[in-house]
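Chain A is the first sequence line, chain B the second, and so forth, proteins listed ahead of strands; every chain is numbered from 1.
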Protein chains: 2
Amino acid sequence: MLPEPLFKYLSARTALSDRDRRVLGQLFDLRRRFVADGTVVLEPDARPTVSILITAGFVARYHPLSTGTRQLTALHIPGDFVDLHGLLLRQIDHGLIALTDCTFMTVKHSRLREFSVAEPSLTRLLWMSTVIDAAIHRAWILAAGRRRTEQQIAHFLCEMFRRLTIVGMTNGHSFSLPLKQKEIAALMGRSDVHVNRAVQRLRKSGLVSWTGPHITIHDFAALAKLGEFDGTYLSDRVEPR
Amino acid sequence: MLPEPLFKYLSARTALSDRDRRVLGQLFDLRRRFVADGTVVLEPDARPTVSILITAGFVARYHPLSTGTRQLTALHIPGDFVDLHGLLLRQIDHGLIALTDCTFMTVKHSRLREFSVAEPSLTRLLWMSTVIDAAIHRAWILAAGRRRTEQQIAHFLCEMFRRLTIVGMTNGHSFSLPLKQKEIAALMGRSDVHVNRAVQRLRKSGLVSWTGPHITIHDFAALAKLGEFDGTYLSDRVEPR
DNA sequence: CGCTCGCTTGAAATGGATCAAACATGGTGG
DNA sequence: CCACCATGTTTGATCCATTTCAAGCGAGCG
């Protein structure tokens, strides 16, 4: 069966027929993979032969730094194909690390290659998902260039809220973001101390409640304005393909 | 005929047969497009029906800011397909602006869709080019995050040198980068004044000569070390597909 | 010759990094 | 049940990177 989060991810962007669902579902290997919080899912110089779909948990792309630490450059959630890149590029430029306990499904690259011959229209949907990733990257470049960390985090919260909503992981205006502030800092490319202060300022502004992993956005419009968030790049609307 | 820069771009990543060359070449519309420096090639909310390949000149992706200015988030050079995104996503989240006089070739989306049915293997090559774009974006997120401006620029120079070399636009250790410092600042997400000072420091370090658009890298290895540049993400090696 | 544009310089204000320590927590073993 | 530890969050102080505003410089061009 087509994993539920992927179904939601795709359904938010295009109409899927029953056949599409069935055919896509047949892509995946039967065995699921479970990994614990903190596991390196893919080493930076690996040459994987399978692609990974997240069905539960959070995963980050990381780049090793000369200081020995890692900078995170992307955050992936259930429904995200984290490693289609490996199908197109033999050598991967980054690693993947689980930020929570996770469940994956996998697809063999050989299977994906057959699929691209047999199902060009559905293949374009997978292609689309990598293009959305790129759009998200550009939004992050933009946000990183913006002046205040507070705005950058506001933007990040808006994005996560929208992405999590698509896969059904929000509850009203609330959602769970099981990341340490240190990890958020690594994602924002800022120091953890500074991120902490920015978070506190956001809380004081009354736009969001944020205790531990539990986040509630009280005023999405205002938060979006603060972070200059425009969700167009997430392409979450139903369109013909 | 297959445009020369695209041929070089692809050849650096995979082996192309004569047939591949011919079939790819037939993708493009016969008419070329010429646009002048400063032209907005694509408005941020456009819904293009063609994709654009750069055959000459430099193009940037931009995002309008609330201040009325534009931040640039990517720089594209000859051989780059700048707008395959439009094929996969109906609504574009950013604009394209010519930073120099440019020449383009275009492909109709309808043509690309047929192509993806008829030529799945070559389609994966186009897909690959969008995945490389994403990898470049991640490298920029990284550079914008933890690095000082000087290092960020060093990284940028290394990347441009490698990318321009692939499409045959370097001459020994020299190349032409016809961008104003203001535009480079917009790409780096930094102020123009600060970029200027960082450039001066780079010049003083003796690693590069840089007068106007003319850049010479005297010590690539040292520059790469400074900018923590690892070109893996550009995937410029010949690999089977 | 004077104007414009892009590059350069200076000084003041601020955001963010870094180092170091205090303050929660929940979890563990005694 | 409590003392203790580990982990994550918060606070404070200092230093440096970067922005902003403002003005000077130089080359190319009508």
Item to complete: Work out which heavy atom in A:Leu42 is nearest to a heavy atom in A:Tyr62; give both atom names and the distance.
Response: O-OH, 4.0 Å

Worksheet item: Angle class for the A:Phe161/A:His173 ring planes (parallel below 30°, perpendicular above 60°, tilted otherwise)?
Response: parallel

Worksheet item: Between CD1 of B:Ile215 and CG of B:Leu177, what distance do you get to the nearest 0.5 Å?
Response: 4.5 Å

Practice prompt. Please tell me if the side chains of A:Thr55 and A:Phe28 come closer than 4.5 Å, counting only heavy atoms from C-beta onward.
Written response: no

Worksheet item: Contact class for B:Arg203 vs. all strands (heavy atom < 4.0 Å): base, sugar-phosphate, or nothing?
Response: sugar-phosphate

Practice prompt. Could you grab the distance from atom OG1 of B:Thr170 to atom CZ of B:Arg163, nearest 0.5 Å is fine?
Written response: 13.5 Å

Worksheet item: Taking five pairs at each end of the helix from C:dT8-D:dA23 to C:dG30-D:dC1, what angle separates the two helix axes (nearest 10°)?
Response: 30°

Worksheet, complete the sentence: For A:Ala222 and A:Asp219, the nearest pair of non-hydrogen atoms, with its separation, is N-OD1, 3.0 Å

Worksheet item: What pair of heavy atoms forms the shortest contact from B:Ala36 to B:Ala98, and how long is it?
Response: O-CB, 3.8 Å

Fill in: Qualifying residue for side-chain contact (heavy atoms from CB on, under 4.5 Å) with A:Arg61, from A:Leu75, A:Ile97, A:Leu72, A:Asp133
A:Asp133

Worksheet item: Contact class for B:Arg190 (heavy atom, under 4.0 Å): base, sugar-phosphate, or nothing?
Response: sugar-phosphate

Worksheet item: Within a strict 4.5 Å, meaning less than it, do heavy atoms of the B:Asp80 and B:Ile77 side chains meet?
Response: yes

Discussion item. Need to verify one output field. Residue with the more 5' nearest nucleotide on DNA chain C, A:Arg148 or B:Lys182?
Written reply: B:Lys182

Worksheet item: On DNA chain D, which is the earliest and which the latest nucleotide, 5' to 3', with an atom closer than 4.0 Å to a heavy atom of chain B?
Response: D:dA17 to D:dC21

Item to complete: Provide the start and end nucleotides, 5' to 3', of the part of DNA chain C that has atoms under 4.0 Å from heavy atoms of chain A.
Response: C:dG15 to C:dC19

Fill in: Parallel, tilted or perpendicular: rings of A:His94 and A:His85 (30°, 60°)
perpendicular

Discussion item. At 4.0 Å (heavy atoms only), tell me whether B:Val193 reaches a base, stays on the sugar-phosphate, or touches nothing.
Written reply: base

